[in-house]
Amino acid sequence: MLMESDFYKMKKKLLKTQIKKFGIIFTLFCLALTVCMLSQLDFLTSKGIPYTDSSVFQYMGRIIDAGYIPYKDSFDHKGLLLYFINFIGVKIAYHRGIWLIELIFMITTVIGIYKMSRLFCGRFQSIMVVMLVLSPMTIYFQGGNLTEEYALPMQIWSLYIYVDYILNDRKSKERVILCGMLFASVLFIRANMIPVWVVFSLYIFINKLKSREFKELIALVKNFFIGACIISLPLIVYIIKNGALDAFIYDYLIFNKAYSSVALMQKVRAFLYFFNNPIILIAFTILVFKFIKAKSNEKRIFYIVYFIYMLMAISLISMSGETYGHYGMVLLPMLIYPYSLLFNVNKEAVIMLSSKVIIIIYIIISFIVPNWINMIINFTEDLTNYNNSQIEWGYLEYDNMINYIKNNTRDSDLITVYGNENAIYNLSNRFSASVYSFQPEYDPKIIDEYFLDLEKNEPKLIILTGDPTQRMNEFLIIHNYKNVEIFDKYIIYQKEN
């Protein structure tokens with residue numbers, strides 16, 4: 001009888017554990033889904049036009065799908081892996097497929113934050129850390145399908161591996177190889193998002209040299225290199241095999257270097273802009289207090305290294321001098337460790353309303369509650385507005401413009417959009433008559449090559465996103481293009497026979 005009672009107790013305990021696990025998994029999925037509903041490509045935003053950068057990346061995915069080669073056949077200055085991610089999205093479903101990829105990446109991000117936080121605090125606290133770390137997404141997400149979004153889980157899981165190794169000595173060959181793979185993946189998305197690997201790899205490297213653990217150091221370097229090669233080599237072979245090496249070097253390396261060549265004060269202003277965020281400042285403050293209270297030099301050194309990582313992360317996203325909101329996504333991984341330390345409170349501290357608990361309550365009220373309410377409001381608006389209009393894309397004039405392009409060109413016809421609105425190519429299912437589907441106006445070389453492409457390929461339609469520049473006006477007159485339609489700010493020209 002006793003044995004039967006024990007069996008039912010064990011069964012009840014196991015069931016309770018399984019329900020808890022399911023509850024956590026379901027909660028994490030709902031959090032990931034809510035963030036992804038900020039995307040312009042989600043399954044409910046039926047009227048959404050993807051934003052500028054997202055449209056370029058989606059266009060590059062279409063380029064690969066059509067058998068063309070990025071860099072060589074179409075200009076952009078991001079990494080090749082990003083375009084293959086969009087290519088997979090296009091293959092899943094022409095317009096919405098990329099959203100499924102976004103959701104998978106966001107689920108991986110949420111699980112990574114939770115796993116890392118669990119190194120320091122309980123289940124409920126870790127879910128709160130997930131919500132806190134992702135709360136700035138209301139500002140940072142900016143329509144989705146962006147470089148930072150795809151790099152986010154790669155940064156988080158690598159940070160988890162580094163921190164677990166340094167603080168808990170948990171290591172394995174597979175983890176190091178994975179870390180190398182994630183590093184190479186981010187390198188082939190956008191190269192200024194690598195401070196996690198730079199700072200912590202250097203820290204481990206110096207430590208192993210100091211302790212003369214040469215055998216382990218060689219194994220770590222070898223496995224990391226193997227991981228990096230697993231991702232890098234196929235991409236490099238693809239670029240070389242398809243004759244795109246020169247174009248890749250110019251677009252991804254030379255152009256990006258010129259893009260970040262701005263005045264020092266502009267970089268400083270960008271740094272201060274990203275640094276001057278309460279959620280960032282509090283994270284730094286937590287580490288300062290932990291550093292002061294640290295009882296061992298080893299812990300103090302780790303805090304200093306973590307400080308360096310945080311400062312480097314802000315510095316690298318400030319190199320262009322721009323303050324685009326989506327750059328801030330790169331900073332989210334660095335928040336996990338400080339806030340996990342803060343949220344590590346026991347029941348007694350909660351009951352006693354300790355100063356630490358009061359700070360946590362302030363953070364929940366100030367950051368978690370308002371930002372997640374805004375995300376939920378966005379979700380409900382999507383549900384309310386879904387299919388409420390006969391307009392297919394954005395607004396009536398834009399919709400009419402897309403339909404005009406479709407009705408007055410064939411699928412094989414080339415068009416050009418003068419400006420940076422690749423969504424027009426994607427929604428009309430047309431390709432650019434130039435390698436430069438968009439044209440950075442500050443690069444005269446690109447503008448010259450763009451007009452040479454137009455002379456060579458003679459686009460069926462030229463779509464201007466405003467009044468023509470002097471250079472474009474001259475081209476239209478010389479090559480006998482006439483204004484045929486105007487839709488809001490969009491002016492369409494067609495070549496007269």
Side-chain angles (χ1 to χ4, degrees), residues 16-17 19-38 103 105-141 149 152-153 155-157 159-160 163-164 167-168 277-290 306 310 328-379:
K16 195 175 178 182
T17 303
I19 291 170
K20 276 185 180 178
K21 282 183 178 178
F22 176 79
I24 290 165
I25 292 167
F26 181 72
T27 302
L28 295 178
F29 173 78
C30 288
L31 295 177
L33 178 63
T34 304
V35 174
C36 273
M37 293 308 293
L38 295 170
L103 181 60
F105 271 78
M106 191 53 61
I107 290 169
T108 311
T109 292
V110 164
I111 294 170
I113 298 170
Y114 178 81
K115 284 279 289 180
M116 183 169 168
S117 186
R118 284 288 286 128
L119 296 175
F120 309 100
C121 53
R123 293 185 183 91
F124 177 74
Q125 295 98 314
S126 294
I127 288 173
M128 297 306 291
V129 170
V130 172
M131 295 181 74
L132 177 62
V133 169
L134 293 178
S135 62
M137 281 296 201
T138 50
I139 301 167
Y140 294 162
F141 199 76
E149 181 186 357
L152 197 55
Q155 291 174 289
I156 288 166
W157 280 96
L159 185 60
Y160 167 73
V163 170
D164 203 21
L167 298 183
N168 303 318
N277 182 333
I279 203 168
I280 303 291
L281 295 171
I282 292 170
F284 272 96
T285 306
I286 293 166
L287 283 188
V288 168
F289 275 102
K290 286 291 180 182
Y306 206 92
M310 293 172 81
M329 254 191 274
V330 176
L331 307 180
L332 298 183
M334 74 187 196
L335 303 178
I336 304 169
Y337 177 61
Y339 282 109
S340 295
L341 296 178
L342 178 67
F343 275 70
N344 182 21
V345 291
N346 53 36
K347 289 180 181 178
E348 289 75 19
V350 175
I351 294 165
M352 296 294 291
L353 268 182
S354 67
S355 57
K356 194 175 183 182
V357 172
I358 292 169
I359 293 168
I360 291 171
I361 292 170
Y362 166 77
I363 287 169
I364 291 170
I365 294 169
S366 300
F367 302 115
I368 296 177
V369 173
N371 284 310
W372 280 90
I373 285 176
N374 285 336
M375 282 192 257
I376 291 166
I377 288 170
N378 170 79
F379 201 152

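The analysis underlying the following values was restricted to heavy atoms, covering all of them including side chains, and did not include hydrogens, waters or symmetry mates.
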Shortest non-hydrogen contact from F141 toward L38: CD2-CB, 3.5 Å
Nearest-0.5 Å distance, OG1 of residue T108 to CG of residue L28: 11.5 Å
Straight-line distance of L152 CG to L332 CG, nearest 0.5 Å: 6.0 Å
Closest non-hydrogen atom pair, M137 against M106: CE-CE, 3.9 Å
Main-chain N/O of L342 paired with K290 side-chain donor or acceptor, under 3.5 Å: no
Donor-acceptor contact present, side-chain S117 to main-chain I113, <3.5 Å: no
Donor-acceptor contact below 3.5 Å, side chain Y339 vs main chain I279: yes
Heavy-atom donor-acceptor pair, Y306 side chain to M334 backbone, under 3.5 Å: yes
Over 12 foreign heavy atoms within 6.0 Å of CZ, F289: no
From CZ (F105) to CD (E149), nearest 0.5 Å: 8.5 Å
Nearest heavy-atom neighbours spanning S135 and L132: OG-O, 2.6 Å
Using atom types as modelled, flag every donor-acceptor pair under 3.5 Å from a side chain in residues 363-374 to any protein atom, sequence neighbours excluded.
unit_1, atom_1, unit_2, atom_2, d
S366, OG, Y362, O, 2.8
N371, OD1, T138, OG1, 3.0
N371, ND2, F367, O, 2.8
W372, NE1, M131, O, 2.7
N374, ND2, P370, O, 3.3

Straight-line distance of M37 CE to M375 CE, nearest 0.5 Å: 13.0 Å
Between CG on residue L119 and CG on residue L341, distance to nearest 0.5 Å: 10.5 Å
Residues I360, Q125; criterion side chain to side chain contact (heavy atoms under 4.5 Å, CB included); working and verdict: CA-CA 10 Å; I360 291 171; Q125 295 98 314; over 6 Å; no
For V110, the option from V35, I127, V130 that meets side-chain contact (heavy atoms from CB on, under 4.5 Å): V130
CD1-NZ distance between I156 and K115, expressed to the nearest 0.5 angstrom: 14.0 Å
Contact check, side chains of I280 and L335, non-hydrogen atoms, under 4.5 Å: yes
Test item: L159 and Y337 side chains (from C-beta on) under 4.5 Å apart, heavy atoms: no
Geometric class of the Y160/W157 ring pair [parallel <30°, tilted 30-60°, perpendicular >60°]: perpendicular
Ring centre gap for F343 and F120 strictly below 6.0 Å: no
Shortest non-hydrogen separation from N344 to C121 and the atoms involved: CA-CB, 3.8 Å
